[in-house]
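Here the structure comes first, spelled out in structure tokens, and everything after it is commentary.
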Amino acid sequence: MSESAGFAQYPSLRDRVVVITGGGSGIGASMVEHFCLQGARVALLDILVKESQELVRSLEKRCGTAPLFVKCDLKNIAALRAAFAKVAETLGPVRVLVNNAANDDRHKFSDVTPEYWEAAMAVNLRHQFFAMQAVIEGMTQAGGGSIINMSSVAWKVPLAGLPVYLAAKAAIVGLTRGMAKELGPAGIRVNAVLPGAILTERQRRLWWSPEYEAEILGNQCLKRILAPEDVSRLILFLAADDSSAITNQSYTIDAGWT
């Protein structure tokens, strides 16, 4: 885990209630860490119990306070709503929502069934809408907030071998733009972030290889591997009051790949 020394501190994030979906591992875990180091009151929603509990214990030792872990299968909308209600009851109104949870499993176009399509959309797109729906009332009553929806550069490149995932990630940008217009009068900002090739443990375990790394570096303007903390620092800025005039935007962080 990285430390925040040498990077920006955001006073507006101290004690602010932040929810990160899929916060138990990968980029999401890095986000949880970075918000905790800013002094925010953080909740992570995830289906991964072991990883999430280990993250909570680690951050409690380092930050003095532990993030709130709520086990939740975000494909279950009733469970999602209950999880957000628990967060609000325990921590207070949510002022920052990072819709991060996703599953980028590879799949062949010819193998996609209606059932696979529905399941992939549920884990990559549908929950983002209902998570926003769950926090809007509290954000409005609190005077506004920031919603950050995680998309991907994969649909912009474009990549082959995961067409349903690409469809969901492209749709997130359209959803973000529509919700930014709809929620702006309530002081709620909605932006999207599109990461490129980020070296997470999952990427390293499943797909990363010397050949893939060489391909990525060949396509990027900046010849370095991107890490989860590169994304997290952008998320902090979009969550903080420093970006209070920014909404309806899509931020690509891919070292110049696209």
Side-chain angles (χ1 to χ4, degrees), residues 1-74 76 79-103 127 131 134-135 138-139 142 145-150 193 195 198-205 226-242:
M1 290 188 178
S2 62
E3 295 293 345
S4 59
F7 293 96
Q9 292 293 308
Y10 298 99
S12 63
L13 292 178
R14 180 162 294 279
D15 294 325
R16 187 160 292 183
V17 178
V18 178
V19 175
I20 300 165
T21 67
S25 64
I27 298 174
S30 175
M31 293 177 192
V32 171
E33 172 195 4
H34 278 74
F35 275 106
C36 285
L37 291 172
Q38 294 283 335
R41 305 172 70 189
V42 184
L44 61 140
L45 276 52
D46 208 308
I47 200 169
L48 301 176
V49 174
K50 180 182 177 182
E51 294 88 337
S52 299
Q53 290 177 340
E54 289 177 351
L55 178 63
V56 167
R57 286 192 293 267
S58 172
L59 290 174
E60 184 174 23
K61 293 178 182 177
R62 294 174 58 201
C63 304
T65 57
L68 172 68
F69 166 52
V70 181
K71 182 184 177 183
C72 180
D73 181 352
L74 295 166
N76 183 330
L80 178 154
R81 288 171 171 158
F84 276 95
K86 179 177 180 179
V87 171
E89 180 181 356
T90 305
L91 300 180
V94 177
R95 298 296 304 277
V96 176
L97 167 64
V98 185
N99 272 319
N100 167 72
N103 187 326
H127 68 84
V135 302
M139 277 191 182
S146 176
I147 297 173
I148 303 156
N149 296 323
M150 299 301 293
V193 169
I198 311 298
L199 183 53
T200 63
E201 181 55 38
R202 173 179 166 83
Q203 291 286 327
R204 188 190 304 276
R205 185 178 72 252
L226 300 180
E229 54 263 32
D230 292 311
V231 180
S232 295
R233 293 177 190 126
L234 173 58
I235 300 298
L236 291 178
F237 170 71
L238 292 174
D241 290 351
D242 298 59

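Counting begins at 1 with the first residue of the sequence.
- Minimum heavy-atom separation, Asp242 to Ser12: OD1-OG, 4.3 Å.
- Arg95 contributes atom CZ, which lies 12.0 Å from atom CG of Asp15 (distance to the nearest 0.5 angstrom).
- For the pair Ala101 and Gly22, the tightest heavy-atom approach, listed with the atom from each and the gap, is CB-N, 3.7 Å.
- Val18 has its side chain out of reach of Gln38: every pair of non-hydrogen atoms, C-beta onward, lies at least 4.5 Å apart.
- Two residues are said to be in side-chain contact when any heavy atoms from C-beta on lie closer than 4.5 Å; Met31 and Asn100 meet this criterion.
- Across all non-hydrogen atoms, the minimal contact from Pro93 to Gly138 is CB-O, 3.9 Å.
- Counting only heavy atoms from C-beta outward, the side chains of Val19 and Val135 never approach each other to under 4.5 Å.
- You'll find the side chain of Leu97 reaches within 4.5 Å of the side chain of Phe84, heavy atoms only.
- Expressed to the nearest 0.5 Å, how far NE2 of His34 lies from CD of Glu229 amounts to 6.0 Å.
- Closest of all the heavy-atom pairs between Leu37 and Cys63 is CD2-SG, 3.7 Å.
- Side-chain contact between Thr21 and Met150: absent, with no pair of heavy atoms (C-beta onward) separated by less than 4.5 Å.
- Annotation: salt bridge (charged side-chain N to carboxylate O under 4.0 Å, His left out) contacts of Asp73 (sequence neighbours excluded): Lys75.
- Looking at heavy atoms from C-beta onward, Arg57 lies in side-chain contact with Glu54 at the 4.5 angstrom threshold.
- Taking all atoms of both residues into account, the shortest heavy-atom contact from Ile27 to Ser232 is O-OG, 4.1 Å.
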Practice prompt. Show the numbers, then the answer: is there a side-chain contact (heavy atoms from CB on, under 4.5 Å) between Arg16 and Val96?
Written response: CA-CA 8 Å; Arg16 187 160 292 183; Val96 176; 3.8 Å; yes
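- Partners of Arg81 by side-chain hydrogen bond (donor to acceptor under 3.5 Å, both in side chains), not counting sequence neighbours, listed by chain and number: Gln133.
- Taking CZ from Arg41 and OG1 from Thr90, the interatomic distance works out to 9.5 Å, rounded to the nearest 0.5 Å.
- Between the CG atom of Leu55 and the SG atom of Cys36 there is a distance of 7.5 Å, given to the nearest 0.5 Å.
- Atoms CG and CG, on Leu74 and Leu80 in that order, are 5.5 Å from each other to the nearest 0.5 Å.
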For residues 42-53, which side-chain N or O atoms pair as donor and acceptor with protein atoms under 3.5 Å away, sequence neighbours left out?
unit_1	atom_1	unit_2	atom_2	d
Asp46	OD1	Leu48	N	2.9
Asp46	OD2	Gly23	N	3.3
Asp46	OD2	Gly24	N	2.8
Ser52	OG	Leu48	O	2.5

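- Rounding to the nearest 0.5 Å places CD1 of Ile148 at 9.0 Å from CD1 of Ile20.
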